[in-house]
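Following: one structure in structure tokens, then a few remarks.
These numbers were taken from a predicted model, which means no experiment stands behind them. Per chain, numbering begins at 1; letters A, B, ... match sequence-line order. All values below come from the heavy atoms of this structure, side chains included, with hydrogens, waters and symmetry mates left out.
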2 protein chains.
Amino acid sequence: MSSTIETKCKKKGVKLTDQRKIIAKVMSDSNDHPNVDELYNRVSKIDPKISIATVYRTVKLFEESGILAKHDFKGGKARYEELNEGHHDHLIDVKSGEIIEFVDNEIEELQKKVAEKYGYELVDHKLELYGIKKKS
Amino acid sequence: MSSTIETKCKKKGVKLTDQRKIIAKVMSDSNDHPNVDELYNRVSKIDPKISIATVYRTVKLFEESGILAKHDFKGGKARYEELNEGHHDHLIDVKSGEIIEFVDNEIEELQKKVAEKYGYELVDHKLELYGIKKKS
DNA sequence: GTAGATGCAAAGTATTTGCGACAAG
DNA sequence: CTTGTCGCAAATACTTTGCATCTAC
């Protein structure tokens, strides 16, 4: 069974090399938002010969092909996640670094309205909430 | 007349050197969101002896003191702006790079609600809208 | 067969830091 | 005075790239 990412690659005419298949699989299997280092480590366990340059090249390619999303959360390194149908935003635990995905249609609608108010068509947006876990 | 930034520095116990005064003044006079390079260029016109290291150190210090806000918009370099009372978010023209500041209290409220829904207290957030100017 | 991909190491960017000289409080 | 700052150049962190070799289609 080939992964969703592989299917997308074929659709986009992206050549499917062994390295890309491995990177695709690791991303599919990841439920978190790995940065390039973490991704490289996971990939290396499957094929230690893959170079970090290839990982960088591949995530960039996948991002341009709409297969992965890149996030520049606070703290320097870019993080990646698989891009599926449902769009979502992120709530980040400032203590633990844990990342929660959420969707709020009301906010999405308001964003469009704000853009329109200024004469713009919204093509993209970034919403990140940073929070501290409440004692329950 | 000393700038608002200088007043804040005294309040926070930040030592006021000539270099910091100049950087504070340039930031106060800037209505855009300069990155460190741009800021360094502007500062150099007033005092060419100020080093870029000092600019980096100063914006970092000012950020930690709540005097400046740092933004990691798309495109690599961090941008800074003076932090005044009114909080606002940004609408970025993807073609021209122009940045529009806006406030939407409804969105702000909803963000708090979302965080609470997941058991978090919202301590910070980042909202960036990317848009294309409509033909009017 | 050929255009494009890979690995390696070297090169870029953006930012930080060690250190001796210097200045603010 | 003493603590913290400055300028400089070297160092770091993350990411990109040139080139010879290799591989998917």
Side-chain angles (χ1 to χ4, degrees), chain A residues 2-3 5-26 33-41 43-65 67-80, chain B residues 2 5-26 33-65 67-80:
Chain A
S2 63
S3 76
I5 294 183
E6 289 189 22
T7 314
K8 281 188 190 169
C9 283
K10 277 172 201 151
K11 204 179 295 176
K12 308 254 178 186
V14 168
K15 206 179 268 189
L16 262 178
T17 63
D18 288 348
Q19 292 87 333
R20 289 183 184 168
K21 281 182 200 163
I22 292 173
I23 293 170
K25 176 160 183 19
V26 170
H33 304 66
N35 60 38
V36 173
D37 257 347
E38 291 163 350
L39 180 55
Y40 173 61
N41 286 334
V43 156
S44 294
K45 280 179 193 153
I46 302 176
D47 179 353
K49 295 186 79 317
I50 291 181
S51 80
I52 188 125
T54 297
V55 178
Y56 271 107
R57 280 191 275 237
T58 304
V59 290
K60 195 176 192 185
L61 173 71
F62 281 0
E63 191 206 349
E64 285 161 358
S65 309
I67 293 168
L68 295 181
K70 178 184 184 180
H71 301 294
D72 295 291
F73 298 140
K74 300 194 178 183
K77 314 188 191 181
R79 299 189 160 275
Y80 289 86
Chain B
S2 63
I5 294 184
E6 288 189 24
T7 313
K8 282 189 190 170
C9 282
K10 277 171 200 150
K11 205 178 295 176
K12 309 254 178 185
V14 167
K15 205 179 267 187
L16 262 177
T17 63
D18 288 347
Q19 292 87 335
R20 290 184 184 167
K21 280 183 200 162
I22 292 173
I23 294 170
K25 174 158 184 21
V26 170
H33 303 66
N35 59 38
V36 174
D37 257 348
E38 292 163 350
L39 180 55
Y40 174 62
N41 286 334
R42 293 175 201 179
V43 157
S44 295
K45 281 179 193 153
I46 301 175
D47 180 354
K49 295 188 80 313
I50 292 181
S51 80
I52 188 126
T54 297
V55 178
Y56 271 106
R57 280 192 274 238
T58 303
V59 291
K60 196 177 191 183
L61 173 71
F62 281 0
E63 191 206 349
E64 285 161 0
S65 309
I67 293 168
L68 296 181
K70 177 184 183 181
H71 301 292
D72 296 291
F73 298 140
K74 300 194 177 183
K77 314 188 189 178
R79 299 189 160 275
Y80 289 86

Starting at [atom1] of [X] and ending at [atom2] of [N], how long is that distance when rounded to a whole Å?
X	N	atom1	atom2	result
A:N41	D:dC14	CG	P	12 Å
A:L39	D:dC14	CG	P	15 Å
B:I50	D:dG7	CD1	P	6 Å
B:K49	D:dA9	NZ	P	12 Å
A:Y40	D:dC14	OH	P	15 Å
B:R79	C:dT13	CZ	P	17 Å

For this session: For residues A:F62 and A:C9, report the shortest heavy-atom separation together with the two atoms involved.
Result: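 Taking A:F62 first and A:C9 second, the nearest heavy atoms are CE1-SG, 3.7 Å.
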
For this session: Give a yes/no on whether any side-chain N or O of A:T54 is located under 4.0 angstrom from OP1 or OP2 of C:dG7.
Result: yes

So how far is it from [X] [atom1] to [Y] [atom2], rounded to the nearest 0.5 Å?
X	Y	atom1	atom2	value
B:L39	B:Y56	CG	OH	10.0 Å
A:I23	A:T17	CD1	OG1	7.5 Å
B:K49	B:T54	NZ	OG1	10.0 Å
A:E6	A:K25	CD	NZ	9.5 Å
A:K21	A:I46	NZ	CD1	13.5 Å
A:Y80	A:H33	OH	NE2	13.5 Å

Exercise. Taking five pairs at each end, how big is the angle between the two axes of the helix from C:dG1-D:dC25 to C:dG25-D:dC1, to 10°?
Worked result: 50°

Problem set entry | Under 3.5 Å: donor-acceptor pair, side chain of A:K12, backbone of A:S65 | yes

Exercise. Would you say A:E38's side chain and A:N35's backbone share a donor-acceptor pair under 3.5 angstrom?
Worked result: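 Judged by distance alone, yes, a pair lies under 3.5 Å.
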
For this session: Let me see the working for A:R20 and A:V14 under side-chain contact (heavy atoms from CB on, under 4.5 Å), right down to the final yes or no.
Result: CA-CA 10 Å; A:R20 289 183 184 168; A:V14 168; 3.5 Å; yes

For this session: Apply side-chain contact (heavy atoms from CB on, under 4.5 Å) to the pair A:D47 and A:D18, showing each step before the final yes or no.
Result: CA-CA 10 Å; A:D47 179 353; A:D18 288 348; 5.8 Å; no

Exercise. Where along residues 15-26 of chain B does a heavy atom fall under 4.0 Å from DNA chain C?
Worked result: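 Residues of residues 15-26 of chain B under 4.0 Å from DNA chain C: B:K15, B:L16.
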
Problem set entry | Nucleotide-resolved protein contact map, nucleotides 15-20 of chain D, B/S/- at heavy-atom distance under 4.0 Å | BBBB--

